[in-house]
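Both counts, for ligands and for their atoms, begin at 1 and track the order of listing. Because the structure is a prediction, the values reported are computed rather than measured.
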Amino acid sequence: MPPPLRLALLGCGTLAEILAERVFPRLEQSVRVVAAVDVREDRAVAVGRMLGASPFATLRDAVAAVEVDAVDVRLPHHLHLEGARRAAELGLPFLIEKPMAPTLDAAREIAALAGEVRGPCGVSENYAYLAPVRAARDLLNSGAIGELLAVQGTRVFELGAGWQRDGWRLARGVASGVLIDQVPHVSRLMRTVVGEIVEVHAWAPPGPRAEDSAAVACRFESGAVGTQLYCWACSSSAAPDGIPELSLYGTEGSLAVHVSYEGTGGGALLQRPGRPDERYGGGTNYYDSLALCLEDWAQAVRVGSQPSCSIEEGLTDVMVLHAIQRSLADGCPAPVASPAHR
Ligand SMILES: NC(=O)c1ccc[n+]([C@@H]2O[C@H](COP(=O)([O-])OP(=O)(O)OC[C@H]3O[C@@H](n4cnc5c(N)ncnc54)[C@H](O)[C@@H]3O)[C@@H](O)[C@H]2O)c1
């Protein structure tokens, strides 16, 4: 087996702290963080201490001081392109957080940079690694609910204080708002289970800050129709505990995809008339999926293959986001560009 990948962690904020506590320690065989990089020294030092990595203010400083094989970019959305540029100018492959970028132009530039470095790049979008999601896809493909007619995706929760710490998620104009943050998850979830989204029509209430809630109607390549409901400003007591993140309604039954953040409570619930309910795909929770995604990319860099969390998949999610943004701006339905036009 090749030795563990030596990673520079670029951005030591809230997600990086969670990864340092819950994800990196279980990937010791495949990944070792050797540099913790953040413009805020206190954060680089704190996350570096958790991981046994040296703290740095810039990626260039890190690479000058320690051997780095690849870069894990966990920066705010408006800095993803900047992070990719810093990695690419050093020739280093990178994993970039979702959304790959908040705009299509930036995502395309990142895709171009990914082609110039020595190793595969990826986008850290974790939904396709969740066992309930894969189980739902397999059940649907096996005809378990007959012909798929309608789809509902729901991302309704209370944005925790840690995610608001530096303010950029909610401030207007800096790649903020619930759509840029959450569309990649719902897009990947729906695309993994149902297939490509070809058209969207979106609504979001206007307000003094970036949108907190939105509704998106969508049409799939298969002909099925769906809706995506987003809200991250409700109180946690109002958040619908137990509501599935994805519901699929077919001619012969329904499937409900539940994602668990802790433990192993998630699963794909299959309900068919006249039969007992069946549950599939337990066993991986949200943190497991973050680890699986990171491990997939790290393994791809170590052996020179392509990860399934590929740049192309990340770009496709940004195409869906871009169509939603266009629909909001124009007030009418917007097509999602086909792969040939990417
Ligand atoms: N996949 C998931 O489930 C998931 C969950 C949470 C967050 N995320 C993504 O992770 C990313 C980071 O989110 P977050 O909430 O941790 O953000 P954050 O604001 O908490 O952390 C970002 C860090 O980057 C640092 N930074 C800013 N500019 C820098 C620069 N030029 N060089 C080095 N460091 C710099 C900041 O000081 C901060 O510590 C986002 O893309 C977000 O969407 C993904």
Counting from 1 in the order shown, the ligand 1 atoms closer than 4.0 Å to a non-hydrogen atom of Arg74 are 12 (C), 22 (C)
Asn126 heavy atoms within 4.0 Å reach ligand 1 at atoms 1 (N), 2 (C), 3 (O)
*Would you kindly say whether Tyr230 and Glu211 are connected by a side-chain donor-acceptor distance under 3.5 Å?*
no
Checking heavy atoms under 4.0 Å, the part of Asp166 that sits near ligand 1 is side chain
Atom 23 (C) of ligand 1: of Leu75, Asp42, Thr58, Asp38, the nearest heavy atom sits on Asp38
Tested for side-chain contact (heavy atoms from CB on, under 4.5 Å) against Arg137, the lone hit among Leu140, Leu139, Asn141 is Asn141
Tell me if a side-chain donor or acceptor on Trp163 pairs with a main-chain N or O of Thr14 at a distance below 3.5 Å. no
If you measure every N/O of Leu10 against every N/O of ligand 1, is any gap under 3.5 Å? no
Looking only at distances, please establish whether an N/O atom of ligand 1 is found under 3.5 Å from an N/O atom of Arg40. no
Here the atoms of ligand 1 under 4.0 Å from any heavy atom belonging to Gly11 are 24 (O)
Within the 4.0 Å heavy-atom cut-off, what Leu59 brings close to ligand 1 is neither
If you scan protein heavy atoms around atom 41 (O) of ligand 1, the nearest is His80 NE2, 2.9 Å
- prompt: Heavy-atom distance under 4.5 Å between the side chains of Leu179 and Ile324, does that happen here?
  reply: yes
for atom 33 (C) of ligand 1, nearest protein heavy atom and its distance come out as Val39 N, 3.6 Å
With heavy atoms and a 4.0 Å threshold, my read on which part of Glu125 contacts ligand 1 is neither
All heavy atoms of Ala171 vs all of Ala210, minimum pair found to be O-CB, 4.1 Å
For Trp163, the ligand 1 atoms with a heavy-atom partner under 4.0 Å come out as 6 (C), 7 (C), 15 (O)
**Message:** Would you say that Leu51 contacts Val34 through its side chain, given a criterion of any heavy-atom pair below 4.5 Å between the two side chains?
**Reply:** no
Discussion item. Both conditions, 6.0 Å and 45 degrees, for the charged tip of Arg191 above the ring of Phe220: are they met here?
Written reply: no
- Item | Thr58-Arg86 side chain donor-acceptor pair, cut-off 3.5 Å | no
Among non-hydrogen protein atoms, atom 21 (O) of ligand 1 lies closest to Gly13 CA, 3.2 Å
Logged contact type for Lys98 with ligand 1, heavy-atom cut-off 4.0 Å, is both
Per-atom filter on ligand 1: closer than 4.0 angstrom to a heavy atom of Tyr286 are 2 (C), 3 (O)
For this session: Validate the cation-pi geometry between Arg188 and Tyr127: distance from NZ or CZ to the six-membered ring centre under 6.0 Å, angle to the ring axis within 45°.
Result: no
With a 4.5 Å heavy-atom cut-off, do Val259 and Leu130 have their side chains touching? yes
for atom 8 (N) of ligand 1, nearest protein heavy atom and its distance come out as Leu15 CD2, 3.5 Å
the protein heavy atom lying closest to atom 20 (O) of ligand 1 turns out to be Thr14 N, 2.9 Å
Notebook entry, point to check: Any heavy atom of Glu17 sitting closer than 4.0 Å to ligand 1?
Noted result: no
Within the 4.0 Å heavy-atom cut-off, what Glu97 brings close to ligand 1 is side chain
Any side-chain heavy-atom pair of Thr284 and Pro132 under 4.5 Å:
yes
The atoms of ligand 1 lying under 4.0 Å from a heavy atom of Pro76, numbered in the order shown, are 22 (C), 24 (O)
With Pro120 as partner, the option from Cys309, Pro307, Ser310 fulfilling side-chain contact (heavy atoms from CB on, under 4.5 Å) is Pro307
*Do Val123 and Asp317 come within less than 4.5 Å of each other through their side chains, counting heavy atoms only?*
no
> Checking salt bridge (charged side-chain N to carboxylate O under 4.0 Å, His left out) for the pair Asp42/Arg40: CA distance, chi angles, key distance, verdict?
Replying inline: CA-CA 6 Å; Asp42 56 331; Arg40 288 193 45 160; 2.9 Å; yes
Of Glu41, Arg169, Arg86, Glu82, the one whose closest heavy atom lies nearest atom 14 (P) of ligand 1 is Arg169
for atom 27 (C) of ligand 1, nearest protein heavy atom and its distance come out as Leu79 CD1, 3.7 Å
Ligand 1 atoms nearer than 4.0 angstrom to some heavy atom of His185 are 1 (N), 2 (C), 3 (O)
- Query: Hey, does His80 have a side-chain heavy atom less than 4.5 Å from the side chain of Met100?
  - Reply: no
In this structure, atom 17 (O) of ligand 1 is nearest to the protein heavy atom Trp168 CZ2, 3.5 Å
among protein heavy atoms, the one nearest atom 43 (O) of ligand 1 is His77 NE2, 2.7 Å
